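Note sheet for the following structure.
Computed from a prediction, not measured in an experiment: that's the story for all the values here.
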Amino acid sequence: MYPLIDVFGREIGTYGIFAVIGCLLAVFFFYRNTKYDDFMIEDTILLAVPTFIGLIIGGHIVYGLTHADVLLKLMFNLDKLSFKQIVGVLGACFGGSVFYGGFLGALAAFMIFTKKYNKEMRSKLIDTFAICIPLFHTFGRIGCFFGGCCYGIESELGFTAHNNPLVPELNGVCRLPTPLFEAAGNFLIFIALLALHKKGLMKGRIVYLYLLIYPCMRFGLEFLRGDAVRGIFFGLSTSQWISLILFAVSASYLMFSKLLMQKRE
């Protein structure tokens with residue numbers, strides 16, 4: 001694993017490199033699949049900027065929720081800590097990012113900034129946005145593997161990292177390459193959603209289909225994760241609870257929308 005890469009004498013995080021690659025590919029894919037509807041590159045950029053900001057903010061907020069116990073202790077001990085200590089604790093609690101938070105933040109920003117388009121155009125944009133998510137996530141998880149931030153459980157089948165300065169607990173232990181499993185799963189989801197989109201199926205509902213498939217995969221893969229700092233509530237991680245909620249909401253929407261369509265027919 002290579003958490004840091006030397007570029008012209010400066011060390012750059014591998015995760016950040018892959019995340020940028022994934023982001024650029026997602027934006028390019030979005031533009032290529034919307035330009036035929038008179039959606040110009042300027043429109044793509046105007047949507048990409050607030051969506052990216054929403055991704056960053058949402059990811060950090062949910063990461064903070066995984067440290068709810070620390071935040072509660074902080075609230076009850078504010079009078080005992082200095083300003084510098086408080087800032088340090090908050091920095092540690094909100095310093096990382098969680099995919100689900102980033103996704104929900106990006107989705108919220110995207111929905112807000114597409115309100116100006118007509119219903120048909122907005123539906124196409126949301127479908128394309130949903131297809132971009134697993135494409136971006138594929139490269140993000142590859143970055144996680146090289147960075148070592150989302151390592152798997154101990155196993156005889158896997159990889160052993162050495163001299164990882166960012167995640168010392170990863171070193172010298174053979175672990176499952178869980179991030180690579182998720183990267184492969186995300187790429188398959190991307191292919192499947194793209195195929196449906198090309199055939200004109202699930203119009204306006206692809207984002208809900210994504211929120212049925214990915215949460216199932218994520219829920220299962222969480223049991224193969226070895227990094228414990230993800231928030232645990234009643235035996236399930238924060239991401240598993242979010243997976244259950246998103247799956248239930250999406251399944252309910254698709255079920256009721258289908259029943260509504262049948263009544264209209």
Side-chain angles (χ1 to χ4, degrees), residues 1 3-4 12-20 22-23 26 50-78 81 84-110 133-134 136-153 164-170 175 178-179 181-183 186 211 214-215 217-247:
M1 297 180 186
L4 299 170
I12 299 177
T14 310
Y15 172 78
I17 293 174
F18 277 97
V20 169
C23 185
T51 300
F52 180 74
I53 293 173
L55 183 150
I56 297 298
I57 294 175
H60 285 288
I61 289 176
V62 176
Y63 184 81
L65 293 178
T66 65
H67 296 82
D69 55 335
V70 178
L71 292 173
L72 284 174
K73 290 180 181 178
L74 176 64
M75 289 178 61
F76 289 110
N77 292 278
L78 287 175
L81 300 172
K84 186 176 180 180
Q85 289 175 317
I86 293 173
V87 171
V89 173
L90 290 176
C93 289
F94 292 94
S97 183
V98 172
F99 167 74
Y100 267 136
F103 166 71
L104 293 173
L107 179 62
F110 190 87
I133 294 300
F136 162 75
H137 203 185
T138 296
F139 287 88
R141 284 309 182 202
I142 294 174
C144 284
F145 171 73
F146 283 108
C149 57
C150 301
Y151 53 85
I153 59 174
N164 187 320
L166 303 181
V167 191
E169 61 269 26
L170 183 65
R175 297 179 181 276
T178 307
F181 297 160
E182 189 168 347
N186 272 299
L211 290 175
Y214 176 74
M217 180 182 73
R218 180 62 182 268
F219 187 91
L221 286 176
E222 283 288 297
F223 291 112
L224 302 180
R225 296 264 300 255
D227 49 324
V229 187
R230 296 190 321 282
I232 300 294
F233 304 96
F234 302 103
L236 297 178
S237 69
T238 304
S239 292
Q240 285 176 315
W241 282 110
I242 296 176
S243 293
L244 290 173
I245 293 170
L246 292 179
F247 180 88

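Judged purely by distance below 3.5 Å, without hydrogens or angles, the side chains of Ser243 and Arg218 never pair a donor atom with an acceptor atom.
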Quick one: do Leu90 and Leu71 satisfy side-chain contact (heavy atoms from CB on, under 4.5 Å)? Show the steps, please. CA-CA 8 Å; Leu90 290 176; Leu71 292 173; 4.0 Å; yes
Step by step, would you call Tyr100 with Leu246 a side-chain contact (heavy atoms from CB on, under 4.5 Å)? CA-CA 10 Å; Tyr100 267 136; Leu246 292 179; 3.5 Å; yes
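Val98 has its side chain out of reach of Leu65: every pair of non-hydrogen atoms, C-beta onward, lies at least 4.5 Å apart. Side-chain contact check for Thr238 versus Trp241: every heavy-atom pair is 4.5 Å or farther apart. When side chains are defined from C-beta on, Phe103 does not count as touching Val62, because their heavy atoms never get closer than 4.5 Å.
Using a 30° and 60° split on the angle between ring planes, Tyr214 and Phe99 fall in the perpendicular class, above 60°.
Expressed to the nearest 0.5 Å, how far SG of Cys150 lies from CG of Leu224 amounts to 13.0 Å. Taking CG of Leu104 as the start and CG of Leu211 as the end, the distance is 8.0 Å to the nearest 0.5 Å.
A donor-acceptor pair is defined here as one N or O able to donate and one able to accept, closer than 3.5 Å; such a pair exists between the side chain of His60 and the backbone of Gly96.
Residues satisfying the ring-ring contact (aromatic ring centres under 6.0 Å, His included) criterion with Phe219, sequence neighbours excluded, are Phe223. In terms of the ring-ring contact (aromatic ring centres under 6.0 Å, His included) criterion, Phe181 has no residue partners (sequence neighbours excluded).
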